[in-house]
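Starting off with a structure, shown below.
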Amino acid sequence: MTHSSPFLESIRQEIRLRGYSLRTEKAYLYWIKRYILFHHKAHPMTLSSVDVKTFLSWLANKQNVAVNTQKVALNALAFLYQQHLKIELGDLGFTLATKQRTLPTVLSYKEIALILSHMSGLAKFVIEMLYGSGLRVNECLQLRLQDINVENLSLTIRNAKGNKDRQTLLSQSCTNQLDGYIQRAIKIQQQDNQHGVGPSLPHSLAKKYPNAYRQATWMFLFPSLNMCQHPITNLPCRHHRHASSIRKALQQAVRKAQIIKKVNCHTFRHSFATHLLQAGTDIRTVQQLLGHNDLNTTQIYTHVLGQHYAGTISPMDRL
């Protein structure tokens, strides 16, 4: 069964009809395809909830996937059966994966300053935004001008993980450079508009408001250097910067700073949360800023701090 089979294409259309993000679409199609291949290309209509349970348990027990990965696979199959095929799966009662999240890497203030000292330009500013606001790298790159509120020092993160919107802090120190990036983005948009193109927009929004691409509010803060084709309409548009250029610049800076920890863009989100808790911020506030559904996800940062051992002294220190 190929990725472009009529069956998978029909699922793709259903996903788009319901307004899911392209990232969700990609993930769902990946897991549905793996499920079909696991069952030797049998059509899902011929399979039952027992077969779904077998696949999910295989992921946990034989493939050793993390619990969150297994949940994405479950969501994909729930969509396949309940939304697309209109078949209720009922209570599956499968084995949850036991491979839990490892403790995140967190940098000290000094390490962050050292890494930033080896960076410059847009890549440096993006990393400062990740650390200053607790953003995922794609959340930062997908920011549109309407999402920035300098007066209130807040950012609106739209259609984030789990298709949720949230608000988070905008660092005062980031506002100094922000205006330059905003003006640059508007200038690029105005040039694009002269050629009848503009920023990539959600397909449904572009249909409802055909001139939205001319409004500065929809422009990306970090527009791509090149034009591309919209993944749904195939019309020319300008997307946001790709995360690969930021990752590459960060890795070079980490090497130059001689940091021996495993550092990636997400490390700055982890460091944001940990440093807020260290400074005495309430854990529920941190949960809201990060956009976590479950407080248990946020509580992993108290383990990084060692707060769950507060007041405990090593027996070695009593000798």
Side-chain angles (χ1 to χ4, degrees), residues 3 11 15 20-39 44 49-82 89 91-107 130 134-142 157 159-164 166 243-244 246-247 250-251 254 261-274 277 283 286-308:
H3 195 69
I11 299 168
I15 291 169
Y20 286 56
S21 70
L22 285 172
R23 179 171 281 194
T24 302
E25 175 187 310
K26 196 175 175 182
Y28 279 18
L29 289 172
Y30 171 80
W31 285 112
I32 290 167
K33 187 179 177 185
R34 278 201 66 178
Y35 169 69
I36 293 167
L37 292 173
F38 175 79
H39 288 297
S49 58
V50 174
D51 300 301
V52 173
K53 180 181 173 181
T54 303
F55 175 67
L56 293 170
S57 296
W58 172 75
L59 285 179
N61 302 323
K62 301 294 183 186
Q63 298 299 294
N64 197 29
V65 300
V67 66
N68 283 353
T69 305
Q70 193 189 34
K71 282 177 182 174
V72 174
L74 171 61
N75 290 341
L77 297 180
F79 180 89
L80 167 66
Y81 279 98
Q82 287 162 203
L89 285 175
D91 184 18
L92 294 171
F94 66 96
T95 313
L96 265 175
T98 53
K99 184 186 172 188
Q100 295 300 321
R101 278 189 62 184
T102 52
L103 281 181
T105 300
V106 171
L107 297 165
L130 303 189
L135 305 178
R136 301 175 178 93
V137 66
N138 280 315
E139 290 175 347
C140 183
L141 296 174
Q142 286 166 10
I157 312 303
N159 201 20
K161 201 172 176 182
N163 296 322
K164 300 191 302 288
R166 75 175 191 279
S244 59
I246 311 300
R247 292 187 181 114
L250 174 60
Q251 289 314 311
V254 170
K261 292 176 180 176
K262 187 182 175 185
V263 178
N264 57 33
C265 290
H266 216 64
T267 307
F268 294 87
R269 177 172 156 90
H270 294 320
S271 301
F272 164 86
T274 306
L277 290 170
I283 193 165
V286 177
Q287 179 192 4
Q288 286 176 340
L289 294 174
L290 292 174
H292 288 158
N293 275 339
D294 191 347
L295 188 63
N296 287 332
T297 311
T298 318
Q299 277 177 332
I300 196 159
Y301 298 110
T302 64
H303 291 262
V304 176
L305 286 173
Q307 284 184 354
H308 55 317

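None of the values given here were measured: they were computed from a predicted structure. Computed over heavy atoms, backbone and side chain alike; hydrogens, waters and symmetry mates excluded.
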**Q.** K33 side chain near L29 side chain, heavy-atom distance below 4.5 Å
**A.**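 No. Closest side-chain heavy atoms not under 4.5 Å.
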(Q) For A73 versus L59, what's the shortest heavy-atom pair and its separation? (A)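 Between these two residues, the closest heavy atoms are CB-CD1, 3.7 Å.
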Q: Evaluate the side-chain contact (heavy atoms from CB on, under 4.5 Å) criterion for residues R23 and N138: first the C-alpha distance (whole Å), next the side-chain angles of each, then the deciding distance (0.1 Å), finally the verdict.
A: CA-CA 11 Å; R23 179 171 281 194; N138 280 315; 2.4 Å; yes
(Q) With rounding to the nearest 0.5 angstrom, report the CD to CG distance, Q82 to N75. (A)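 With rounding to 0.5 Å, CD (Q82) is 10.0 Å from CG (N75).
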Q) Is it true that the side chains of N264 and T267 contain a donor and an acceptor less than 3.5 Å apart? A)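 Looking only at side-chain atoms, T267 and N264 do form a donor-acceptor pair, the distance falling under 3.5 Å.
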Q | Nearest non-hydrogen partners of H303 and L103, listed with the distance | A |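 Of all heavy-atom pairs spanning H303 and L103, the closest is CB-CD2, 3.7 Å.
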Q.
As an exercise, state the distance from CD1 of I283 to NE2 of H292, rounded to the nearest 0.5 Å.
A.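 That separation rounds to 10.0 Å.
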Q | Contact summary for L107 and S271, nearest pair of heavy atoms | A |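 Taking L107 first and S271 second, the nearest heavy atoms are N-OG, 3.1 Å.
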Q: Can you sort out the partners of N293 under side-chain contact (heavy atoms from CB on, under 4.5 Å), two or more places apart, ordered by chain and number?
A: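 Expected list: K164.
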Q | Distance-minimising heavy-atom pair for L89 and S49 | A |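 Minimum heavy-atom separation between L89 and S49: O-CB, 3.4 Å.
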Q) Where is the tightest heavy-atom contact between V137 and R247, given as atom of each residue plus distance? A)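 Nearest heavy atoms, V137 then R247: CG1-NH2, 3.7 Å.
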Q) About how many Å separate OH of Y35 and CG of L74, when rounded to the nearest 0.5 Å? A)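 L74 CG to Y35 OH: 11.5 Å, rounded to 0.5 Å.
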(Q) Could you work out, with salt bridge (Lys or Arg N to Asp or Glu O under 4.0 Å) as the rule, every residue matching R166, not counting sequence neighbours? (A)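 So R166 forms a salt bridge (Lys or Arg N to Asp or Glu O under 4.0 Å) with E139.
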Q. How long is the gap from CD1 on I300 to NE2 on H270, to the nearest 0.5 Å?
A.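 I300 atom CD1 to H270 atom NE2 measures 8.0 Å (nearest 0.5 Å).
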Q.
Checking the side chain of Q70 only, and the main-chain atoms of L56 only, is there a donor and an acceptor separated by less than 3.5 Å?
A.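 Yes, Q70 side chain to L56 backbone: donor-acceptor pair under 3.5 Å.
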Q.
Tell me every residue that passes ring-ring contact (aromatic ring centres under 6.0 Å, His included) with Y81, counting only those two or more places apart in sequence or in another chain.
A.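 Y81 satisfies ring-ring contact (aromatic ring centres under 6.0 Å, His included) with no other residue.
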Q.
Can you list everything that forms a side-chain contact (heavy atoms from CB on, under 4.5 Å) with T274? Sequence neighbours excluded, please.
A.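 Applying side-chain contact (heavy atoms from CB on, under 4.5 Å) to T274 gives V106, Y301, V304, L305.
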Q. For Y20, what residues pass the side-chain contact (heavy atoms from CB on, under 4.5 Å) criterion, not counting sequence neighbours?
A.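 Counting only residues at least two positions away or on another chain, Y20 forms a side-chain contact (heavy atoms from CB on, under 4.5 Å) with I15, R18, T24, Y28, F79, N163.
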**Q.** Check: R34 and F38 side chains under 4.5 Å, non-hydrogen atoms
**A.**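 Side-chain contact under 4.5 Å: no.
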Q) Would a distance-only check, ignoring hydrogens and angles, find a side-chain to backbone donor-acceptor pair under 3.5 Å from Q287 to N296? A)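 No; zero donor-acceptor contacts below 3.5 Å.
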Q) Which distance, rounded to the nearest 0.5 Å, do you find between the CG of L80 and the CH2 of W31? A)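 L80 atom CG to W31 atom CH2 measures 14.5 Å (nearest 0.5 Å).
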**Q.** Pairing residues for Q288 by the side-chain contact (heavy atoms from CB on, under 4.5 Å) criterion, not counting sequence neighbours
**A.**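 If we apply the side-chain contact (heavy atoms from CB on, under 4.5 Å) test to Q288, skipping adjacent residues, there are no hits.
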Q) Would you say the side-chain atoms of R269 pair up with the backbone N or O of L135, donor to acceptor, closer than 3.5 Å? A)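 Judged by distance alone, no pair lies under 3.5 Å.
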(Q) Could you report the tightest heavy-atom contact between D51 and H39, atom names first, then the distance? (A)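 The answer is O-NE2, 3.0 Å.
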Q: Calculate, to the nearest 0.5 Å, the distance between atoms CG and CD belonging to D294 and Q299 respectively.
A: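 Output value for this atom pair is 8.0 Å.
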